[in-house]
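Remarks on the structure that follows.
Each chain gets a letter, A, B and so on, in the order the sequences are listed, and its residues count up from 1.
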Amino acid sequence: MMIALAGRPNTGKTSLFNALTGRTQRIANFAGTTVEKAIGEIPGENGEPIQLVDLPGVVTPLPTTRDQKVSLDFIDDEIRRNSKFSIFWVAEASNLDHDLSMALLFHRLGYPVVLVLNMMDEAERNGLSLDLSALSKKTGMTVIATSARQEKGLDELRVAILKEVTTVHESPSRLLDTIEPAELFAKQSEAVHSARQIADVVVKNKTSATILPKVRQAIALDRFFLHPIAGPIFFMMVMVVLFNSIFTWAAPLTDWLSAGLDAASVWTKASIPSVALSSLLADGVIAGIGAVVVFVPQIAILFLLIGALEKSGYLPRAAALMDRLMRPFGLDGKVFVPLLSSFACAIPGIMATRTLDSEKRRIATILIAPLMTCSARLPVYTLLISAFIPADWRVFGFSGQGLTMVVMYVLAIVFAMIVALVIKTTRLHVGGGSQFMIFPPFRLPRSKELLHFTWQRCFVFVKKAGKVIFIVSVLLWGLASYPKVSVPAGAQSGDEAHLDAAYQIEHSYLGQLGKRIQPIFAPLGYDWKLSVGILSAFAAREVFVGTLGTIYALENADETSQSLIENLQTARGADGAPLYTVATAVSLLLFFAIALQCISTIAITHRETGGWKWPLIQMAYLWTLAYVMAFVGYQVTRWMM
Amino acid sequence: MTPLRDVKEGIPCTIREIRMPLSDQLHMVSLGLYPSAVICKIRKTPFGDPVEYLVDHDLLITVENAIADRIWVAPT
């Protein structure tokens, strides 16, 4: 038993899906949030579950983008094999004349369609009233009125779903994928005209010349957001606040978390009698996972702000604003949205490229998306910036550390645009900009939705990072703790415990492995510990921080309260000189800004491009570029200092 | 008839003809840009392209100039 929620983009399908199933699909106020179908379950009458499918938005019966093709292919496939399958077409109540035409087309072809008029609350605020029985009579479809945000009409919707899944439907006379474009054009034009005629009768208080309050408000606000001077200035301010706040607003929470983890480590060592077990837990697990967990406040702030931009309706305006600027690089404004998503994580960013009209531009965007500064880079950047950029350095009143973070974000964009320029010289280039973009009305993001969205993203981050880092930390602890060695007699030191631990780790399996791979990274200024960190970060970037956390916790067995930042600042080489300098930090920052260190990203590129060609090209160019830029950065900084 | 691109801001006009391949026309019709739709130019984006239009008084949409050149309109 299956029901599909379909409709034009941004009509609240995902909100309804979440309200019905309790699942938490991502919701935003722009088209293309759902780029892949999501499946949830609701209980049926006899306890048998009914599958509910949330489909990507559909605009046209002849799909021009991958996300629309996913929806239409799914509908036709299900119709062919399941006689109890129905489409619940979700339309925006205030926009009935535009949202009704596709539902009419499906219905007239014989598809089983129920019309769901969502966002009824907004229609009321716009002063509209709809005659639902007249609508049902004129269209021949069952009509359900809902408001997903206010959770109204959901019981009626459940009843309609239960009724539909127990009804055996006749097969449609024609399926969409069997109709020639010319005939489809005629049928769709007919449906568009009928939709307007029906809407004129059904929607009260609205004539064809009425401009709704939400449209009037959007036009007024766009006067500012798209103003030739104010628009770009506001956009730049939004970007600076977004990236600067990640560093500055999170500091108190990060300090608090860091202190808590240190206390947990000390407590573990004091309460567990077994030295090996307490070391495994405190120096391996807590140090490894803790090194990443302390950065959760920053990631939360990033997601909170991106979520607010998504849900407000500002993003499509920013995309229109960026369209002309991106064209010289062979990109367009629509590319801006997947790239901004990639600042949180490259995976949803790459998936969001399904909304792009051109396949070539989609591949080009996928190739550059991993260059955007994703949340997994934040722990690495924060660690290096905190360790090597003075906290009291200020530029025009802004924190120097915060500005360095902004520079890292800008640098990522610069690298991406340079790569885009190179791609422009290849056969992947497509001319022109974004042909069309629909502007949704502005909506005030609901705090509940925003907090939920942020919590969900942080939870996924901790879960993913926690799993990998737990395994890597335990593995590293084992490799660093064995074989057991002792400092040879006659070694000079005023600090025996520290010397023992340092000697142990240097001669452990991990030390031996690090020293073997270190020559590869030596030109970039990395010692064996950083080389091990880079190696472990193949799985995921944030593992680098966890790895260093474990190595230094083991090495400083007597100094558990010392933070990883202090450890990096005070690390000394055999000659007593600082082991890590600003040049090392510059090299590492450049390396992490570019290198593709995320198995999930490689996997999603493989899936989205349908083969290994593009992921291999992506890996090869990003790793080569990362190595070269880190080498240049290290050597130039050393020369300058 | 003139191309949509040449219409002055704030003057409503009606789409008469869309000169592009059928599949693109179908896309435009589905979006709400179909012959007889009333369209009003709202404003250019900061760099002059795309341009924001209001279709049938309730749909805000940006259209690239190169596309607006192929939509032929007449004064309403």
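Within 6.0 Å of CD in A:Glu183 there are more than 12 heavy atoms belonging to other residues, nucleotides or ligands. Around the NZ atom of A:Lys69, the shell of radius 6.0 Å holds no more than 12 heavy atoms that belong to other residues, nucleotides or ligands.
One distance of note links CZ of A:Arg216 with CG of B:Asp58; it measures 12.0 Å at 0.5 Å rounding. Taken to the nearest 0.5 Å, the CD1 atom of B:Ile61 stands 9.5 Å off from the CZ atom of A:Phe439. Here the CG atom belonging to B:Leu60 is positioned 13.0 Å from the CE atom belonging to A:Met437, to the nearest 0.5 angstrom. Atom CG in A:Asp222 sits 11.0 Å away from atom CG in B:Leu54 (nearest 0.5 Å).
Proximity to chain B is absent for every atom of A:Ala191, based on heavy atoms less than 4.5 angstrom apart. Using a 4.5 Å cut-off between heavy atoms, A:Ile229 does not touch chain B at all. Using a 4.5 Å cut-off between heavy atoms, A:Ser189 contacts chain B through both its backbone and its side chain. Contacts between A:Val59 and chain B at a heavy-atom distance below 4.5 Å involve backbone atoms as well as side-chain atoms.
Of the residues considered (A:His193, A:Lys214, A:His227), A:His193 shows the highest number of contacts with chain B, using heavy-atom pairs under 4.5 Å. Comparing A:Asn95, A:Leu212, A:Leu325 by heavy-atom pairs within less than 4.5 Å of chain B, the highest count is held by A:Leu325.
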Using distance only, find each side-chain donor-acceptor pair of residues 36-48 of chain B under 3.5 Å and give its atom names and separation, not counting sequence neighbours.
unit_1  : atom_1 : unit_2   : atom_2 : d
B:Lys41 : NZ     : B:Arg5   : O      : 2.7
B:Lys41 : NZ     : B:Val7   : O      : 2.8
B:Arg43 : NH1    : B:Glu52  : OE1    : 2.8
B:Arg43 : NH2    : A:Ile219 : O      : 3.1
B:Thr45 : OG1    : B:Asp49  : O      : 3.3
B:Thr45 : OG1    : B:Pro50  : O      : 2.9

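Using non-hydrogen atoms only and a strict 4.5 Å limit, the part of residues 14-35 of chain B facing chain A consists of B:Leu22, B:Ser23, B:Gln25, B:Leu26, B:His27, B:Met28, B:Val29, B:Ser30, B:Leu31, B:Gly32, B:Leu33, B:Tyr34, B:Pro35.
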